[in-house]
Asker: 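Take a look at this one; I'll ask things after.
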Amino acid sequence: MKKLIKTIIFILLATMALFCGCFTGCFDITHSFIEDGDFKYYYIKDEDCYAIVGTTEQGLKQTVYVPTHFRGKEVRYTSLIQTHFGGADVYALKVKNCDRLYFSYLHNAHSSDYYGDVKTVFLVNSSENYVRSAISLGRATTTKTGYVTATLYDKIIEDVLSSYQADSFHEICDYYLKRTIFKNDEFVEERNIIKANTSYIFNYEGAPNNGYFFIDNYDSESLIKEVPYEPMRKGYAFVGWYKEPECVNAWDFDNDRLPKFEYDSDGYITNFVETKLYAKWKKI
């Protein structure tokens, strides 16, 4: 009888161990991470898209571009939360001493899109779900400046002025919101939300994201130093960037410069101009 009881107990313990191991394994998604170039990806089957769930060592750069696609699928997220009985694991884009972080127009805003120190973030997505994310940049503990599209900026202003958050910003102007940070009654630094002065436009009817593909920001009479990755359009090949929607004059990145800006005593532009570059397409 004792031998039978021991056998039953052994079988029960073995079954529980097997069950727990399998059950825990169901929640372990790290084996499905795909390392490629600068990032670690995870395929979200339900949405048929990818999420960036980490950064490789070579991806820890001063300038980080979040890609629009990976393996022919859209990259919509830069964070993923894995819930289980033990709690939750958060996987996200990692930045380290990053000067400029560019999110793509396909990116969906979450509360923890990245972790680490970054000086400047560019948010080109113009949807409503980005309003709160953009406002949080002006209030964040790590990010000092967030650049946004003209479309998103208008939505942010509307949201700020219609809520208590207007009191959080010390200046609300045509193209920037400034929040001055104080500590122990002393000035520490400024945190800003600014309308980007350089925009790349898809330039075709029915284009996504209110027509915005990419944004950047440069100083007065500056060359555009870094050209973004090429846009994609089904059935068309991208030809280049032009100065007007009709695509008559190509932008010369070696010689063409942004307009001359005038500044006030605080260093803010008084004659803000949004320079738009338009994509040219060739049907294939």
Side-chain angles (χ1 to χ4, degrees), residues 33-43 49-80 91-110 112-127 130 133-134 137 140 142-149 152 193-203 207-219 222-233 238 240-241 251 253 258 275-279:
F33 290 177
I34 304 167
E35 290 195 20
D36 189 285
D38 293 341
F39 308 110
K40 298 177 184 178
Y41 298 88
Y42 179 78
Y43 178 63
C49 71
Y50 280 94
I52 289 176
V53 291
T55 311
T56 62
E57 286 300 318
Q58 71 184 64
L60 296 174
K61 300 176 178 178
Q62 288 187 316
T63 300
V64 177
Y65 297 95
V66 175
T68 58
H69 292 79
F70 177 66
R71 294 187 174 180
K73 306 288 185 182
E74 293 181 351
V75 178
R76 298 180 191 162
Y77 305 100
T78 54
S79 63
L80 192 69
Y91 304 96
L93 170 68
K94 180 181 179 182
V95 292
K96 183 178 180 181
N97 299 322
C98 179
D99 288 332
R100 299 162 81 89
L101 171 59
Y102 296 86
F103 285 103
S104 83
Y105 74 96
L106 290 172
H107 184 258
N108 283 304
H110 277 225
S112 54
D113 293 317
Y114 66 92
Y115 61 94
D117 294 328
V118 56
K119 294 180 180 178
T120 308
V121 175
F122 293 83
L123 301 179
V124 68
N125 189 313
S126 297
S127 62
Y130 249 73
S133 290
L137 290 177
T142 56
T143 304
K144 295 183 180 179
T145 307
Y147 287 99
V148 299
T149 66
L152 182 56
I193 301 171
I194 303 176
K195 189 189 301 184
N197 64 28
T198 307
S199 303
Y200 297 79
I201 308 299
F202 276 111
N203 197 29
N209 195 40
N210 296 108
Y212 281 94
F213 167 68
F214 194 86
I215 56 173
D216 215 327
N217 204 82
Y218 291 99
D219 293 330
S222 175
L223 290 171
I224 296 179
K225 301 172 184 177
E226 296 187 40
V227 183
Y229 43 76
E230 294 185 357
M232 298 172 62
R233 180 185 177 189
F238 172 71
W241 296 108
W251 185 275
F253 288 92
L258 268 64
T275 299
K276 293 184 177 181
L277 280 66
Y278 297 88

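Bear in mind that the values here come from a model prediction, so they are computed numbers and not experimental data. Numbering of residues begins at 1 and proceeds along the displayed sequence.
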Asker: Work out which heavy atom in Ala92 is nearest to a heavy atom in Tyr115; give both atom names and the distance.
Answerer: O-CE2, 3.5 Å
Asker: Side chains of Tyr77 and Cys49: does their closest heavy-atom pair fall under 4.5 Å?
Answerer: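 Of all side-chain heavy-atom pairs linking Cys49 with Tyr77, at least one is under 4.5 Å.
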Asker: For the residue pair Lys276 and Tyr212, establish whether any side-chain heavy-atom pair is separated by less than 4.5 Å.
Answerer: yes
Asker: Would you check, one step at a time, whether the test side chain to side chain contact (heavy atoms under 4.5 Å, CB included) holds for Ile224 with Leu277?
Answerer: CA-CA 11 Å; Ile224 296 179; Leu277 280 66; 4.0 Å; yes
Asker: Might you point out which heavy atoms bring Arg100 and Cys98 nearest each other, and give the distance in Å?
Answerer: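 Smallest interatomic distance, heavy atoms only, reads O-SG, 3.4 Å.
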Asker: Just how far is it from atom CD1 of Ile34 to atom CD1 of Ile52, taken to the nearest 0.5 Å?
Answerer: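 If I round to the nearest 0.5 Å, the distance is 12.0 Å.
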Asker: Taking the six-membered ring for Trp, is the centroid-to-centroid distance between Phe39 and Phe70 below 6.0 Å?
Answerer: no
Asker: For this output row, return yes or no: ring centroids of Tyr147 and Phe122 closer than 6.0 angstrom.
Answerer: yes
Asker: Please report the closest heavy-atom contact between Ala279 and Asn203, naming both atoms and the distance.
Answerer: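 Scanning both residues, the minimum pair turns out to be O-ND2, 2.9 Å.
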Asker: What residues, two or more places apart in sequence or in another chain, satisfy side-chain contact (heavy atoms from CB on, under 4.5 Å) together with Leu60?
Answerer: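 Testing Leu60 for side-chain contact (heavy atoms from CB on, under 4.5 Å), a comparison that skips the adjacent residues, returns Thr55, Glu57, Lys94, Lys96.
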Asker: Step by step, work out the side chain to side chain contact (heavy atoms under 4.5 Å, CB included) result for Gln58 and Asp38.
Answerer: CA-CA 6 Å; Gln58 71 184 64; Asp38 293 341; 3.7 Å; yes
Asker: Which heavy atom in Ile193 sits nearest to a heavy atom in Ala134, and how many Å separate them?
Answerer: CD1-O, 3.3 Å
Asker: Give the C-alpha distance, both sets of side-chain angles, the deciding distance and a yes or no for side chain to side chain contact (heavy atoms under 4.5 Å, CB included) between Lys40 and Thr56.
Answerer: CA-CA 7 Å; Lys40 298 177 184 178; Thr56 62; 4.3 Å; yes
Asker: Please round to the nearest 0.5 Å and tell me the distance separating atom CG of Asn125 and atom NE2 of His107.
Answerer: 8.5 Å
Asker: Provide the closest heavy-atom pair for Leu152 versus Ser127 in the form atom of the first, atom of the second, distance.
Answerer: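 In this case the closest contact between Leu152 and Ser127 is CD1-O, 3.9 Å.
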Asker: With distance as the sole criterion, is a donor-acceptor pair present between the side chains of Asp216 and Tyr102 under 3.5 Å?
Answerer: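 A donor-acceptor contact under 3.5 Å links the two side chains.
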Asker: I want to check something: taking the side chain as every heavy atom from C-beta on, are Pro231 and Phe214 in contact at a cut-off of under 4.5 Å?
Answerer: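 No, too far: nothing below the 4.5 Å cut-off.
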Asker: Give a yes-or-no answer on whether the side chains of Asp117 and Asn97 include a donor-acceptor pair shorter than 3.5 Å.
Answerer: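 Checked: Asp117/Asn97 side chains show no N/O donor-acceptor pair below 3.5 Å.
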Asker: Working to the nearest 0.5 Å, report the span between CZ of Arg71 and OH of Tyr50.
Answerer: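 So the gap between those two atoms works out to 5.0 Å.
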Asker: With the side chain counted from C-beta on, respond yes when Leu258 and Thr198 share a heavy-atom pair under 4.5 Å apart, and no when they do not.
Answerer: yes
Asker: Is there a side-chain contact between Thr145 and Asn217 (heavy atoms, below 4.5 Å)?
Answerer: no
Asker: So Tyr41 and Val75, do their side chains get closer than 4.5 Å, heavy atoms only?
Answerer: yes
Asker: Using the test side-chain hydrogen bond (donor to acceptor under 3.5 Å, both in side chains), find all partners of Tyr42 that sit at least two apart in sequence or belong to another chain.
Answerer: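 For Tyr42 there are no side-chain hydrogen bond (donor to acceptor under 3.5 Å, both in side chains) partners, ignoring immediate neighbours.
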Asker: Is there a side-chain contact between Asn209 and Leu106 (heavy atoms, below 4.5 Å)?
Answerer: no
Asker: Would you confirm whether Asp113, through its side chain, and Leu93, through its main-chain N or O, come within 3.5 Å as a donor-acceptor pair?
Answerer: no
Asker: Evaluate the criterion side chain to side chain contact (heavy atoms under 4.5 Å, CB included) for residue pair Val148 and Tyr130; output intermediate values, then yes/no.
Answerer: CA-CA 10 Å; Val148 299; Tyr130 249 73; over 6 Å; no
Asker: Quick one: are the ring centres of Phe202 and Tyr105 less than 6.0 Å apart?
Answerer: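 Aromatic pair counts; centres sit under 6.0 Å.
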Asker: Just wondering, do Val124 and Phe213 contact through their side chains at under 4.5 Å, heavy atoms?
Answerer: no
